[in-house]
Protein chains: 2
Amino acid sequence: MMTNAVIEKLRVAGLRPTRQRVALAAILFGAGDRHITAEQLHAEAVTAHVRVSLATVYNTLNQFTRAGLLREVAIEGDRTYFDTNTSNHFHYYLEADDRLFDIETSALSVRGLPEPPTGTKIARIDIIVRLTRQ
Amino acid sequence: MMTNAVIEKLRVAGLRPTRQRVALAAILFGAGDRHITAEQLHAEAVTAHVRVSLATVYNTLNQFTRAGLLREVAIEGDRTYFDTNTSNHFHYYLEADDRLFDIETSALSVRGLPEPPTGTKIARIDIIVRLTRQ
DNA sequence: TTACATGCAAACTGTTTGCAAATAT
DNA sequence: ATATTTGCAAACAGTTTGCATGTAA
């Protein structure tokens, strides 16, 4: 992703385009949809010779999420995954590899959902299809 | 749940019916389906005058899960929820209250799921319907 | 020039573990 | 008698925070 486009994206989200944010955004949004942890992103930044602390990576991921640029994916286990695809979609999770990827279809739907309890409404439906090696 | 039934359940699962396990199992399985964290279970045990350490509660929940008596539910956030209903079913999650409950229907189904990637098969489908107060 | 962002280390939370004492078989 | 389980405290992993320094506007 071009640096200018990243900078614009951050500005639109109301975030100052600092060196660290621009570099992290370029990694995150520069190569299609990604599912990444803070630790992984930090490692990639280090590899790309971007000087940024792990704390800043965490803070940045949380800011991006609050700004709607990322979405958190709930997987049981310790690490938190962040997804660069914020549109409505579902996931495969391959436990053996601790890897997460999008289900490539928009045809997927849920049937037979009852009315939610009184006083509540559905905010979002998360679907995780757990895979095992066969 | 009668103590005898709990003891039998533990034996069948290959777990020695110790005082702590029997007491925790009675709390867990004695009152319909429950969704509970280690901390919550520990608090209930203390209230019920069962002397048990938090570490033992954690260990016990993990043992029960390994034995197929419980099921873990992945919610983003820090705490791990354990569900006493191990059958195939889905969940509502009310974020405002950090509360989890079963979707009361067996009619719920997923349509349009593509073939899983080569070399993998579907182990389980987790669905979390996130609710907000309206 | 001023408000905001960063880095670091220290704090914090949920969870696991090592080991001696207690308990089930 | 012996193998398993427990409690405790200490360890641990992932994540957050306080504060001095640095940087964007």
Side-chain angles (χ1 to χ4, degrees), chain A residues 3-4 6-27 35-43 45-46 48-67 69-70 72-82 98 100, chain B residues 3-4 6-27 35-43 45-46 48-67 69-70 72-82 98 100:
Chain A
T3 298
N4 285 345
V6 169
I7 290 178
E8 189 52 25
K9 189 170 180 133
L10 292 177
R11 277 200 214 285
V12 169
L15 297 167
R16 277 193 189 174
T18 64
R19 177 162 59 261
Q20 291 82 342
R21 283 181 185 158
V22 172
L24 294 178
I27 294 173
H35 303 86
I36 201 169
T37 66
E39 200 92 38
Q40 286 167 3
L41 179 56
H42 184 247
V46 169
H49 301 98
V50 176
R51 281 172 36 261
V52 62
S53 71
L54 182 56
T56 296
V57 171
Y58 272 107
N59 292 336
T60 302
L61 285 170
N62 288 331
Q63 288 155 183
F64 285 10
T65 301
R66 255 179 266 122
L69 267 33
L70 293 175
E72 233 174 297
V73 184
I75 299 291
E76 95 257 299
D78 12 25
R79 271 140 291 123
T80 301
Y81 276 88
F82 293 88
D98 194 23
L100 195 63
Chain B
T3 298
N4 284 345
V6 169
I7 289 177
E8 189 53 23
K9 190 170 180 132
L10 293 177
R11 277 199 213 284
V12 168
L15 297 167
R16 277 194 188 174
T18 64
R19 176 163 59 262
Q20 290 84 341
R21 283 181 185 156
V22 172
L24 294 177
I27 294 173
H35 303 86
I36 200 168
T37 65
E39 201 90 40
Q40 286 167 2
L41 179 56
H42 184 246
V46 169
H49 301 99
V50 176
R51 284 172 33 262
V52 62
S53 71
L54 183 56
T56 295
V57 170
Y58 272 107
N59 293 335
T60 302
L61 285 169
N62 287 331
Q63 288 155 182
F64 284 11
T65 300
R66 254 178 268 121
L69 267 33
L70 293 174
E72 233 174 297
V73 184
I75 300 290
E76 95 258 301
D78 12 26
R79 271 139 291 122
T80 301
Y81 276 89
F82 293 87
D98 194 24
L100 195 65

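Naming convention: chains lettered A, B, ... in sequence-line order (proteins, then strands); numbering from 1 in each chain.
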Q) If you pin Ala55(A) and Thr37(B) to their nearest nucleotides in DNA chain C, which one's is more 5'? A)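 Its nucleotide being nearer the 5' end, the pick is Ala55(A).
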Q. NA contact type, Asn62(A), heavy-atom cut-off 4.0 Å: base, sugar-phosphate, or nothing?
A.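 Sugar-phosphate contact only.
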Q. What is the nucleic acid contact for Arg16(B), judged by heavy atoms within less than 4.0 Å: base, sugar-phosphate only, or nothing?
A.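 Answer is base: heavy atoms of Arg16(B) come under 4.0 Å of a base.
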Q) Do Arg79(A) and Gln40(A) touch side chain to side chain, with heavy atoms closer than 4.5 Å? A)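 In short, these two side chains do not touch, never coming nearer than 4.5 Å.
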Q | His42(B) and Glu39(B), any side-chain heavy atoms less than 4.5 Å apart | A |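 The answer is no; the side chains never approach within 4.5 Å.
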Q: List for me each residue that meets side chain to side chain contact (heavy atoms under 4.5 Å, CB included) alongside Asp78(B), sequence neighbours excluded, and say none if there are none.
A: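 Partners of Asp78(B) by the side chain to side chain contact (heavy atoms under 4.5 Å, CB included) criterion come out as none, since no residue qualifies.
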Q: Please identify each residue that fulfils ring-ring contact (aromatic ring centres under 6.0 Å, His included) with His35(B), with sequence neighbours left out.
A: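 Counting only residues at least two positions away or on another chain, His35(B) forms a ring-ring contact (aromatic ring centres under 6.0 Å, His included) with His91(B).
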Whole angstrom value for the distance that separates [atom2] of [N] from [atom1] of [X]:
| X | N | atom1 | atom2 | answer |
| --- | --- | --- | --- | --- |
| Leu54(A) | dT6(C) | CG | P | 14 Å |
| Glu76(B) | dT13(C) | CD | P | 19 Å |
| Arg79(B) | dT13(C) | CZ | P | 12 Å |
| Arg51(B) | dA21(C) | CZ | C1' | 13 Å |
| Gln40(B) | dT15(C) | CD | C1' | 16 Å |
| Leu10(A) | dT6(C) | CG | P | 10 Å |
| Glu72(B) | dG14(C) | CD | P | 16 Å |
| Gln63(A) | dA5(C) | CD | P | 7 Å |

Q. Hey, which of these two, Ser53(B) or Glu39(A), hits DNA chain D nearer its 5' end, going by closest nucleotide?
A.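 Result of the comparison: Ser53(B).
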Q.
Among Val6(B), Val12(B), Ile7(B), which residue satisfies the side chain to side chain contact (heavy atoms under 4.5 Å, CB included) criterion with Leu10(B)?
A.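 In the set Val6(B), Val12(B), Ile7(B), the residue that makes a side chain to side chain contact (heavy atoms under 4.5 Å, CB included) with Leu10(B) is Val6(B).
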Q.
Can you list everything that forms a salt bridge (charged side-chain N to carboxylate O under 4.0 Å, His left out) with Glu76(A)? Sequence neighbours excluded, please.
A.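 With neighbours one apart ignored, the set is Arg130(A).
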Using distance only, find each side-chain donor-acceptor pair of residues 48-59 of chain A under 3.5 Å and give its atom names and separation, not counting sequence neighbours.
{"residue": "His49(A)", "atom": "ND1", "partner": "Thr47(A)", "partner atom": "O", "Å": "3.4"}
{"residue": "Ser53(A)", "atom": "OG", "partner": "Thr56(A)", "partner atom": "N", "Å": "3.2"}
{"residue": "Ser53(A)", "atom": "OG", "partner": "Thr56(A)", "partner atom": "OG1", "Å": "3.1"}
{"residue": "Asn59(A)", "atom": "ND2", "partner": "Ala55(A)", "partner atom": "O", "Å": "3.3"}

Q: Please tell me which of the listed nucleotides, dA5(C), dG7(C), dA24(C), lies nearest to the side chain of Arg19(B)?
A: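 Per side-chain heavy atoms of Arg19(B), the pick is dA24(C).
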Q) Which angle, to the nearest 10 degrees, lies between the helix axes at the two ends of the helix from dT1(C)-dA25(D) to dT25(C)-dA1(D), each defined by five pairs? A)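 One end's axis against the other's: 30°.
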Q: Establish, with yes or no, whether the OP1 or OP2 oxygen of dA5(C) is under 4.0 angstrom from a side-chain nitrogen or oxygen of Thr56(A).
A: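 No, no such contact exists.
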Q: Taking heavy atoms of chain A and a 4.0 Å limit, find me the 5'-most and 3'-most nucleotide of DNA chain D within that range.
A: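 So the contact region on DNA chain D extends dG14(D) to dA25(D).
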Q. Ala45(B) and Leu24(B): which non-hydrogen atoms are nearest, and at how many Å?
A.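 That closest heavy-atom pairing would be CB-CD2, 4.1 Å.
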Q) Take atom CD in Glu72(B); do more than 12 heavy atoms of anything else shown fall under 6.0 Å from it? A)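 More than 12 heavy atoms, drawn from other residues, nucleotides or ligands, come within 6.0 Å of this atom.
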